[in-house]
Chemist: 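Sending over a structure as structure tokens; questions will come in a sec.
The structure presented is a predicted model; accordingly, all values stated were derived computationally and were not measured. To find a chain, count down the sequence lines: A is the first, B the second, and so on, and within it residues start at 1.
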Number of protein chains: 2
Amino acid sequence: MNTMIHTRECPIETVINVLGGKWKPMIYWHLIESTKRFSDLERLIPAVSQKMLTQHLRDLEKEGLIVRTIHPVVPPKVEYALSDYGKTLIPVLEVMCAWGENHNERKSEESAS
Amino acid sequence: MNTMIHTRECPIETVINVLGGKWKPMIYWHLIESTKRFSDLERLIPAVSQKMLTQHLRDLEKEGLIVRTIHPVVPPKVEYALSDYGKTLIPVLEVMCAWGENHNERKSEESAS
DNA sequence: CAGGATCCTAGAGGATACTG
DNA sequence: CAGTATCCTCTAGGATCCTG
């Protein structure tokens, strides 16, 4: 495989596409902590619409980052968890998170001066 | 302006917002290599429109990531370079890039099977 | 409970023309 | 050369209603 970055789709865009949905980082973030049900995520992220929550979960599942488990009970019980592969994103998120926090502080200071 | 909104915005979203424009990662990526003129970037990123190139450059400048230097000559000469602060993003990009490349390969294999 | 199906809007981005 | 200024398109996302 060619590792000449410029000739291929920028891998950074890949990451942004994977996490780029409005609520995806937050969804992912909550799943790092533990497995969650659909209604858990709705409660944890009150502003998200059902439609987008569903759609983002499907996207993340399609990328192999999360696993959707349907328990055949009544009422329905569906659980979402990070896949082993999905966990490989955690260190990436941590690095991003650290920079993002610093950047937010920087902007706060600058608007306070 | 105060920072009353201390809802602890997810720092990951901060990174995504900073790099989230359609061409921002690519612009940034080219500037890592060296200082570039506006026309250089147009040539390096043929698909970008003038409008978006200008707009994204302004955004990146506003975030303090790049520096815009106007040389008072005729014809105009404007150069864009990473700021020292902007360079702090490089390690973050490298981590993202590594994961993104791996993810692209993974998806290639899966669609080839 | 965990969604699917519809309809609708805002804003990111594109196309084109013009200019100091 | 390095942009503005307009106008236009397209889609991510929101709101609402319905169901196995």
Chemist: Can you measure B:E79 atom CD to D:dC1 atom C1' for me and round it to whole angstrom units?
Modeler: 13 Å
Chemist: Verify salt bridge (charged side-chain N to carboxylate O under 4.0 Å, His left out) between B:R37 and B:D40, making sure each step is shown before the conclusion.
Modeler: CA-CA 5 Å; B:R37 299 179 60 167; B:D40 292 334; 5.3 Å; no
Chemist: Using the ring pair (Phe, Tyr, Trp, His ring centres under 6.0 Å) criterion, which residues pair with A:W29? Sequence neighbours excluded.
Modeler: none
Chemist: Is it true that A:I70 and A:L65 fall in one hydrophobic cluster, defined by side-chain heavy atoms closer than 4.5 Å?
Modeler: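 Yes; tracing contacts between hydrophobic side chains, which count when under 4.5 Å, links both residues.
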Chemist: Taking NZ from B:K36 and P from D:dC1, how many angstroms apart are they, rounded to a whole number?
Modeler: 17 Å
Chemist: Nearest-Å distance, CG (B:L53) to P (D:dC1)?
Modeler: 14 Å
Chemist: Rounded to the Å, how far apart are B:Q55 CD and D:dA2 C1'?
Modeler: 16 Å
Chemist: Less than 4.5 Å apart, side chain to side chain, heavy atoms only: is that true for B:I27 and B:I66?
Modeler: no
Chemist: If Ile, Leu, Val, Met, Phe, Trp and Tyr residues are connected whenever their side-chain heavy atoms lie under 4.5 Å apart, and connections chain through other members, are B:L93 and A:V95 in the same group?
Modeler: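 Cluster IDs for B:L93 and A:V95 match.
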Chemist: Could you note down all residue pairs passing side chain to side chain donor-acceptor pair (under 3.5 Å) where residues 64-83 of chain B supplies at least one of them, sequence neighbours left out?
Modeler: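 Checked against side chain to side chain donor-acceptor pair (under 3.5 Å) - neighbours excluded - the pairs reaching residues 64-83 of chain B are B:R58-B:Y80, B:R68-B:Y80.
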Chemist: Could I get the full list of side chain to side chain donor-acceptor pair (under 3.5 Å) partners for A:T88, not counting sequence neighbours?
Modeler: B:W99
Chemist: Does the side chain of B:Y80 get closer than 4.0 angstrom to OP1 or OP2 of D:dG3 through an N or O atom?
Modeler: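 The answer is yes; a side-chain N or O of B:Y80 sits under 4.0 Å from OP1 or OP2.
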Chemist: Between the side-chain atoms of A:K51 and the base atoms of D:dG13, is any donor-acceptor pair under 3.5 Å?
Modeler: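 Side chain to base: pair found, below 3.5 Å.
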Chemist: Measure from CD1 on B:I45 to P on D:dA2 and round the result to the nearest Å.
Modeler: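 From B:I45 CD1 to D:dA2 P: 14 Å.
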Chemist: Do A:E61 and A:V67 have side chains that approach each other closer than 4.5 Å (heavy atoms only, starting at C-beta)?
Modeler: no
Chemist: Measure the CG-NZ distance between B:L82 and B:K36 for me, rounded to the nearest 0.5 Å.
Modeler: 9.5 Å
Chemist: Is any side-chain nitrogen or oxygen of A:H56 closer than 4.0 Å to OP1 or OP2 of D:dG13?
Modeler: yes
Chemist: Where each residue is assigned the nucleotide of DNA chain D containing its nearest heavy atom, which of A:Q50 and A:G20 is assigned the position nearer the 5′ end?
Modeler: A:G20
Chemist: NZ of A:K24 versus C1' of D:dG13: gap in Å, rounded?
Modeler: 12 Å
Chemist: Where each residue is assigned the nucleotide of DNA chain D containing its nearest heavy atom, which of A:M52 and B:D40 is assigned the position nearer the 5′ end?
Modeler: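 Counting from the 5' end, the first nearest nucleotide belongs to B:D40.
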Chemist: Which of the following nucleotides, D:dG13, D:dG3, D:dC1, is nearest to the side chain of B:P76?
Modeler: D:dC1
Chemist: Ignoring backbone atoms, establish whether B:R37 has a side-chain N or O less than 4.0 Å from OP1 or OP2 of D:dC1.
Modeler: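 For B:R37, the contact criterion (side-chain N or O under 4.0 Å from OP1 or OP2 of D:dC1) is not met.
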Chemist: Could you state the CZ-C1' distance from B:R43 to D:dA2, rounded to the nearest angstrom?
Modeler: 15 Å
Chemist: For B:E63, check salt bridge (charged side-chain N to carboxylate O under 4.0 Å, His left out) against everything at least two apart and list the hits.
Modeler: A:K107
Chemist: To the nearest 10°, let me know how far the axis at one end of the helix from C:dC1-D:dG20 to C:dG20-D:dC1 is tilted from the axis at the other, five pairs an end.
Modeler: 60°
Chemist: Distance under 4.0 Å to a non-hydrogen atom of chain A counts as contact; along DNA chain C, which nucleotides mark the start and end?
Modeler: C:dC1 to C:dC7
Chemist: To the nearest Å, give me how far apart CD1 (A:I70) and C1' (D:dG20) are.
Modeler: 13 Å
